[in-house]
Structures are given as structure tokens and as C-alpha cells.
Amino acid sequence: MTGIYAENSEGIFKKSVLEAASYASQISTDGVTAICIGSPKDGEADKLAKYGVTKLKIVEGLTAFDAQNYSQAIAANLNGIKTLIMANTYEGKSLAPRVSVLMKASLATNVVALPDTSNGFVVKRGVFSGKGFAHVQLSRDHKIVAITPNSIELKEKLVSISIEKTSFTETVKLTTITASNKAVGKIPLTEAEIVVSAGRGMKGPENWGMVEELAGLLGAATACSKPVSDMEWRPHSEHVGQTGITIKPNLYIAIGISGAIQHLAGVSSSKVIVVINKDPEAPFFKAADYGIVGDAFEILPQLIAAAKAAQN
Amino acid sequence: MKILVCMSVVPDTTTKITFTDNNTKFNTAGVQFIINPYDELSLTKALEITEKLGGSVTVATVGLAYTDAVIRKALAIGANDAIRINANPIDGQFVAEQLAAIAQQGGYEMVLTGRESIDYNGGQVCGLLGALLNWPSVNVCTKMDVVDGKAHFERDIDGGRETIEAVLPVVASAQKDLCEPRIPNMKGIMAARTKPLTVVEPIAVDGFGQYNAFENPIAKQAVKLFDAQNAAQLIDALKNEAKVI
Ligand SMILES: Cc1cc2nc3c(=O)[nH]c(=O)nc-3n(C[C@H](O)[C@H](O)[C@H](O)COP(=O)(O)OP(=O)(O)OC[C@H]3O[C@@H](n4cnc5c(N)ncnc54)[C@H](O)[C@@H]3O)c2cc1C
Ligand SMILES: Nc1ncnc2c1ncn2[C@@H]1O[C@H](COP(=O)(O)O)[C@@H](O)[C@H]1O
């Protein structure tokens, strides 16, 4: 039996959950059960059904997020699930290891492709911060596969879905969330399909208006290099790279970023990379698919105008 | 406060990653090893906490003998002592079992890890330790403090940040922004020579899996350049050729 953990954000299943569903339904021969903690909004179950989830199990009775209780609730509702697919989000990363201990499972995180099952169960996972991949044989009977968002292509497989509700009694909660600050309405960087990113070449925070305008037109999230967040030109949550966030969008546009190896570590798995830099020798051009050698302050207005024209 | 800092020893961030033995092993020839950057942060934070509250900081590393020089660096930064579990650390689950055994024996109130090790990038050890020890685990922390016997954290969550408290003992993992990593000074380097570094053999653990092979990402084709005077062509290519917008 194959299952997914359907993490929800205020009752909504994000794309990363649908990717987990699509992954699970492509490897399962007997349906997919999704375990969800808390109540999904109306119509959300249908999103899962579109990608092959045959049963949605809604677990009630848990209050705020607590890794210990959430992982226990997942483990208590496996009912025969041997392979559990999760998204490698922050929530997934805090739960997958804990559930693996409770399940006595082999655990693979950062998984980027469907498994090779011709001889056992071999997954491909990212290692060395984007500079390598490993093919790992998961030898235990139970397995947890946590997939990197944006790595698995969504394959529609419409099925009918049944919904079951169950409840879990929390054990003593050893953590208490005292405040939470989520940017509402913004696309989280790790889930964005397009990211417009800028570096020290932008000279100062007052020049980010153009970066944001282009991002807005493309439906993109914004990101930045480390020095830019260190100097507080931009919020730390936008810093990508070795010590920042790792992203894998379909399109990464880097403006005025040199392309240091530590920066590339967080973005090099992007499908298409565009580099705009006035220095033709900037190392980033070696990692780019498309590029323009020139001054960002001259090029950005042209791109904004062209993106506007493309929308009409 | 007795704090255990789990420290992985990893290739320097500028290392060109290659593989040997028919792509079954990471090629360590000529590689410089360093303290995993996130573990530098948790080590510094552990020192800050014990300087405030008293106590000691022990560093634990699962690694072979080549990691000793890097462990000495952690002692030079200020850890009181170190334990090396003499084993190849490739599998995060194996590593966590080893570290859990050390944590259990030592009576620590806090076990700190990094968000992830930049070599095998599992991001697994913090949560694994939490479950193995049956302690709370709080990952990707940008702030950590202990006040009146309770741990306080700020941490990254999907799309934002939250503040969270936990009772001790607790496992937590360090994210960038936690603190400025300390660097060793001369006095620290001298002191480190005589600090205890105990080597222990690993405990037996049932296998979880095996690394069959490695590969490097496919090299990119040469970049396609557009004229700076005609940047609109780029938007056209992204739309009609790459089909990403
Ligand atoms: C352990 C470690 C971890 C690190 N982690 C990270 C990380 O996670 N993320 C990260 O980003 N960095 C990281 N760094 C830093 C990294 O090495 C680089 O210093 C950093 O990425 C450089 O940022 P930048 O490209 O914005 O700035 P710079 O290197 O200053 O480059 C600016 C670029 O802008 C170009 N430029 C200038 N003016 C213009 C203009 N008008 N139009 C167009 N182009 C222009 C220049 O040609 C240059 O290429 C790390 C370093 C270390 C040692
Ligand atoms: N070999 C190791 N020895 C000690 N601690 C480790 C080791 N590997 C990983 N860790 C700890 O676990 C954290 C996360 O590592 P990982 O789960 O491998 O990404 C690291 O930042 C370390 O704190």
C-alpha cells in the first residue's frame, strides 16, 4: 500500500502535495491513501483525486503543529501503508524523519525522480548541494520518500476518492507555538515556478522596484544573493544558495549576481537559468541557458515592457 | 546546561565534486574538509548559552580518523570535549542512531544539529534524534535561547517564521542567521591540543539502505546570448522556445 502525507496550509493542498500524489499513484498498483491533519476546504479532495488519490483520511483532534504529535498521528493512521510519499517542505522535513523512526522505515529526502524498481527500490536524490545525485537503494520493508518540490512532473490520473474521518488524541505537547508570521498572498520561494533574483549589481535596495515589477508581471517570487540579505537590502527569507534556501523553479532569472559557487549551490537545479550581468566573464554565464551581457538598469526596463506586451 | 553539538565534517563549499570507483564513491583526493557551516552556528550558539547559564559543550562527530583535525578546530573554537564515533557517516539514519546512543549516555539537556549537512544533505538528523530519544525536535531555528529551564526558538516555516517554546531536553537544528560563527584564536588553538577527544566504536544498527552510485548534474549547453539593445528577444525566447513563461 502506498500513501502520502497531504500537508495543508489553512485547508489548502499546495502543488507539492499534488506532486507527492502523482508520484504515489505512478508507483502504486492498489490505490493511494492520503493522510491529512486538520480539515481541507471544500473541493480540495477533488484536487487529490485528479492525481490518483483514492482515499483521503482526515485526522482530527490535533491543535497547533507539533512535530512529535503530528508524526505520531501519521504513524497511527498508516493502516498498512508501506511506502509513504511526502513533500520535502519545512513541515515535511520536520515530520519525515520522526515518522521513519516510528515506522522503522528507510528514509530518503531530497528525492528528485520516480524510483527504479527493476531491482529493489532505488531512488535518485540530490546530494552535495546540487553538485551531485545519488542512487540509493532503500532496503527496509517500509519506506519514506520525501520529494523536492518542482521535481516531479504532475501526471493526471482521475479516480474517485472516498473520505474517511478519524481522530487522534494528542499526547502531552512539549512544544508551544507562541507567534507565527506568514507572508499572506505571496508565493513561497520554494514553491514558485518562476523566480526573479538580484544581487549586489543592483547597487541598493531603492532599485528593487524594477525587480519586483518584472516578478509581478511573470507571476514570479523574488530572491536575492547572500550579501544583499546580509546588508538588509532584502529580507533574509529571500536569500538563496548554499547557506540560504535551495530552489528548483522552472525559470530562474539572475540579475547582477556573479554566480559564486555557493550561490549556484542553491539554484543550479533550476530548469532554465537566465543571467543578466554587465561582466561577460561573470561565472554565472557558464551555468546559464540564456543571457544578456549588459547593464541591468538598461535591460530591466526593456524586459518589463516586453513582458507587458507579451501579456496583451 | 550540558549541550551536545552534533557536528558533521564536510568538503569545503568551493569543492568541485567528483566520484571514483566507477562512480560509487565520492572522490576525496585533494579535498579540504571543514566544519559543516550550520554546525559552526550551533556550536557558537551552544557556547553562548553555556557562557550565560554555565555548563559544558561536547562535540560529537560520526567520522573516520581524517575528521580529527576538524574536530580539533571545534575544540579551539571553545567546545570542552569531543567524541568521535569511528565510522563512515554516509547514511543519515545510521548517523542518528550513533548520536542518539551518545546523547542518551551523556545526560544532555540539549542536542543541537545543523539544518542539514552540505554533503549528503539529508536534513534528517534533527528529527531522527527527536524521535529516537522521544524528545521534542525543533528544526531550522534562526534564534535559540534557554530561559528559566525552557528553550525558546524562532524558526523558519513554509512561507514565514514562528516562535516556539519547548521543554527540555530538546533537539534543535540551526539555520543561517542564528548567530555569527566564532573563529578560533591562538589561545583556543593551544588549549584545544590538550582537550579530550574520545574515539568510540559504532553501535550495531540494522541497515536502512545503500548508496549504489553517484552522478554529477548534466553539464549545461553553452549559454545563448541576446543583444543588450534588444532585450525583448529574451522574453520571446522564454515564451516560445523554452516555454517557461
Ligand atoms: C561558506 C559560504 C557560504 C555562502 N553562501 C552563499 C549563499 O547561500 N548564497 C549566496 O548568494 N552567496 C553565498 N556566499 C557568498 C558568495 O561567495 C558570493 O560572495 C555572493 O554570492 C556574491 O553575491 P553577488 O553576486 O550578489 O555579488 P558580487 O559578487 O559583488 O557580484 C555582483 C555582480 O553584479 C554585476 N553587476 C554590477 N553592476 C551591474 C549592473 N549595473 N548591471 C548588471 N550587472 C552588474 C557584477 O558584474 C557582478 O558579477 C557564501 C560564501 C561562503 C564563503
Ligand atoms: N557524521 C555526522 N556526525 C555528527 N553529526 C552529524 C553527522 N552528519 C550529520 N550530522 C548532524 O546532523 C545535521 C543534519 O545533517 P543531515 O541530516 O545529514 O543533513 C548536521 O548539521 C549535523 O549537526
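Please read these numbers as outputs of a predicted model, since none were measured by experiment. By convention in this document, chain letters (A, B, ...) are assigned in the order of the sequence lines, proteins followed by strands, and residues within each chain are numbered from 1.
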* Asked: So B/Lys176 and A/His239, side chain to side chain contact (heavy atoms under 4.5 Å, CB included) or not? Walk me through it.
  -> CA-CA 10 Å; B/Lys176 54 138 195 160; A/His239 158 195; 3.2 Å; yes
* To do: Could you walk me through whether B/Ile245 and A/Leu251 pass side chain to side chain contact (heavy atoms under 4.5 Å, CB included), step by step?
  => CA-CA 8 Å; B/Ile245 59 173; A/Leu251 172 60; 3.4 Å; yes
* Does the pair A/Tyr90 and B/Asn139 meet the rule for a side chain to side chain contact (heavy atoms under 4.5 Å, CB included), with working shown? -> CA-CA 8 Å; A/Tyr90 282 128; B/Asn139 62 345; 5.5 Å; no
* **Test log, rule side chain to side chain contact (heavy atoms under 4.5 Å, CB included), inputs B/Leu128 and A/Val101** => CA-CA 7 Å; B/Leu128 289 170; A/Val101 171; 3.7 Å; yes
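Using a 3.5 Å distance cut-off with no hydrogens or angles, the side chains of B/Glu165 and A/Thr178 do not pair a donor with an acceptor. Defined by atom type and a distance below 3.5 Å, a donor-acceptor pair is present between the side-chain atoms of A/Tyr290 and B/Glu241. Using a 3.5 Å distance cut-off with no hydrogens or angles, the side chains of A/His236 and B/Asp177 do pair a donor with an acceptor. For the residue pair A/Gln68 and B/Asn134, a side-chain donor N or O sits within less than 3.5 Å of a side-chain acceptor on the partner.
Checking side-chain atoms of B/Asn121 against main-chain N and O of A/Phe128 turns up a donor-acceptor pair under 3.5 Å. Without hydrogens or angle criteria, B/Thr13 side chain to A/Gln262 main chain gives no donor-acceptor distance under 3.5 Å. A side-chain donor-acceptor contact under 3.5 Å links A/Arg140 to the backbone of B/Asp206. Of the possible polar contacts, none joining the A/Lys131 side chain to the B/Asn216 backbone as a donor-acceptor pair under 3.5 Å is found. A distance-only check finds no donor-acceptor pair linking the side chain of A/Asp289 to the backbone of B/Val223 [under 3.5 Å]. Listed for the B/Gln124 side chain is no donor-acceptor partner under 3.5 Å among the backbone atoms of A/Lys93. Listed for the A/Gln302 side chain is a donor-acceptor partner under 3.5 Å among the backbone atoms of B/Ala231. Looking at B/Glu215, its side chain never comes within 3.5 Å of a backbone N or O of A/Gly132 through a donor-acceptor pair.
Of the listed residues A/Thr190, A/Val274, A/Val275, the one with more heavy-atom pairs under 4.5 angstrom with chain B than any other is A/Val274. Residue with the most contacts toward chain B among A/Ser269, A/Ala179, A/Ser180, A/Ser71: A/Ala179 (heavy-atom pairs, distance under 4.5 Å). Interface summary for chain B: among A/Ile276, A/Leu218, A/Ile177, A/Ile261, the most heavy-atom pairs under 4.5 angstrom belong to A/Ile177. Of the listed residues A/Ala306, A/Ser139, A/Ala96, the one with more heavy-atom pairs under 4.5 angstrom with chain B than any other is A/Ser139. The residue among A/Gly294, A/Ala146, A/Ala287 with the most heavy atom pairs within less than 4.5 Å of chain B is A/Ala287. Heavy-atom pairs under 4.5 Å with chain B were tallied for A/Glu191, A/Lys278, A/Lys124, A/Lys173; the largest tally goes to A/Lys124.
At a threshold of 4.5 Å between non-hydrogen side-chain atoms, the residues B/Asp158 and A/Ser9 do not count as touching.
A salt bridge is defined here as a Lys NZ or Arg NE, NH1 or NH2 lying under 4.0 Å from an Asp or Glu carboxylate O, and A/Lys182 with B/Glu162 fails to meet this definition.
For A/Ala108, the part sitting under 4.5 Å from any heavy atom of chain B is the backbone (N, CA, C, O) and nothing else.
Between B/Thr14 atom OG1 and A/Gln242 atom CD the span is 9.5 Å, to the nearest 0.5 Å. If you take CD on B/Gln233 and CD1 on A/Ile292, they are separated by 8.5 Å, rounding to the nearest 0.5 Å.
Looking at every heavy atom in both residues, A/Thr243 comes nearest to B/Pro37 through CG2-CB, 4.5 Å. Pairing each heavy atom of A/Ala67 with each of B/Ser137, the nearest pair is CB-O, 4.0 Å.
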